[in-house]
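Structure, as structure tokens:
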There are 2 protein chains.
Amino acid sequence: MDTYLQAGLDALADETRRAIFRRLSAGPVAVNELARVLPVTRPAVSQHLKVLKKAGLVIDRKAGTRRLYQLDPEGVARLRAHFDEMWTKALGNFQRMAEKPLMGAKDGKQCRARPKSN
Amino acid sequence: MDTYLQAGLDALADETRRAIFRRLSAGPVAVNELARVLPVTRPAVSQHLKVLKKAGLVIDRKAGTRRLYQLDPEGVARLRAHFDEMWTKALGNFQRMAEKPLMGAKDGKQCRARPKSN
DNA sequence: CGCATTGGTTAGTAATAGCTTACCGTTAGT
DNA sequence: ACTAACGGTAAGCTATTACTAACCAATGCG
């Protein structure tokens, strides 16, 4: 279930793929046109689209000899939800900790007072 | 300036690094303790922490012979903001497109009706 | 003082990822 | 039917990355 996060994350980790993602957020585009804009060849674009598709971020449909790719709003929304959950956990816990300056030290060794704090 | 996104993204793209991130979201932890929990050695943890630190996601402070790492709420919030912007752009444009079933076809060739839509 | 604990860094290795070239199937137009 | 355009896939190369083992500096304690 957490695989969506994994796939989505390293789908967006690549700059070229993010460029495709951005271009696709303006509307459906054919593979060839993406390749024309990007600094890589068409096969590279195909491979990137494959990754994005497996991550559930894009969908494609045939249009004559061409194939139009566009964002999959559901997939994007789902990934966004995963991210939001991650941020919330991270920042939420921090918030809770900031309120209690020093809590009960779960495991003794951990929370020693720091000598110089620099 | 978009480098924060890049750094943050491939900082979180790695599963081990995400595990560290999750563990750190529960509070400050020493390197050794992270290594004890994770399936990798301590040097690997150090290297991962370095990446997370360069991405601005964690901060560290000395505590005796140990070094405690914790999330940097500012960095996390900043990365989150970048993501939110990305999602908004992606889904916002899509929203706008969904409202106009077929717009004026910027470049003629593009928006043909799909034959089978499968 | 040694001595142990902690942790950052380096060197080296194996796996992975992104790219290109080449090839092939499919569709549209004449 | 022939031809051209589009695009997916395979093979191969290169660069990057995650890892370990080994070494070294710093701190705390007896």
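Every chain is numbered from 1, with letters handed out A, B, ... down the list of sequences. Note that the structure is a prediction, hence the values are computed from the model and not measured.
The pair A/K53-A/D72 does not meet the salt-bridge criterion, since no charged nitrogen lies less than 4.0 angstrom from a carboxylate oxygen. With respect to the salt-bridge test (charged N to carboxylate O, under 4.0 angstrom), the residues A/R66 and A/E33 do not qualify.
In this structure, A/K54 atom NZ and D/dG8 atom C1' are separated by 14 Å, rounded to whole Å. Rounded to whole angstrom, the span from the CG atom of A/L68 across to the C1' atom of D/dC6 amounts to 11 Å. Protein atom CZ of B/R61 is 17 Å distant from nucleotide atom P of D/dT27, rounded to whole Å. In this structure, B/L9 places its CG atom 17 Å from C1' of D/dT17, rounding to the nearest Å. Atom pair A/L34:CG and D/dC6:C1' shows a separation of 13 Å (rounding to whole Å applied). Across the protein-nucleic acid pair, B/K50 atom NZ and D/dT17 atom P stand 13 Å apart, rounded to whole Å. Rounded to an integer number of Å, the gap from CG of B/L52 to P of C/dG7 is 16 Å. Note: CG (A/D10) to P (D/dA18) measures 11 Å, nearest angstrom.
Nearest to the side-chain atoms of A/R66 among the listed nucleotides D/dG7, D/dT20, C/dG7 stands D/dG7. Counting only heavy atoms from C-beta on, A/H48 has its side chain closest to C/dC19 among D/dT9, D/dT20, C/dC19. You'll find that the side chain of A/T41 is closest to C/dT21, out of C/dT21, D/dC6, D/dC19. Side-chain proximity of A/P43 to the nucleotides D/dT9, C/dT9, C/dG8 is greatest for D/dT9. Nearest to the side-chain atoms of B/A44 among the listed nucleotides D/dA18, D/dT20, C/dC23 stands D/dT20. The side chain of A/T65 lies closest to C/dA28 when the candidates are C/dA28, D/dG7, D/dC19. Comparing C/dT5, D/dT9, C/dG7 against the side chain of A/S46 picks out D/dT9 as the nearest. When distances are taken from the side chain of A/T16 to each of C/dC19, D/dG7, C/dT27, the shortest belongs to C/dC19.
Looking at A/L79 and B/W87, their side chains come closer than 4.5 Å, going by heavy atoms from C-beta outward. In this structure the side chain of B/V29 reaches within 4.5 angstrom of the side chain of B/L24, judged on heavy atoms.
At least one side-chain nitrogen or oxygen of A/K62 sits closer than 4.0 Å to the OP1 or OP2 atom of C/dT27. Remark: A/Y69 is not in phosphate contact with D/dC6, judged by side-chain N or O atoms under 4.0 Å from OP1 or OP2. Between D/dT27 and B/R67, no contact under 4.0 Å exists linking OP1 or OP2 to a side-chain N or O.
When atom types are taken as modelled, the side chain of B/R17 and the backbone of B/A11 share a donor-acceptor pair closer than 3.5 angstrom.
With hydrogens and angles ignored, a donor-acceptor pair closer than 3.5 Å exists between the side chain of A/R42 and the base of D/dG7. Counting distance only, with no hydrogens placed and no angle test, the side-chain atoms of B/Q47 and the base atoms of D/dT17 include no donor-acceptor pair under 3.5 Å.
A/L52 pairs with exactly one of A/D60, A/I20, A/D14 by the side-chain contact (heavy atoms from CB on, under 4.5 Å) rule, that one being A/I20.
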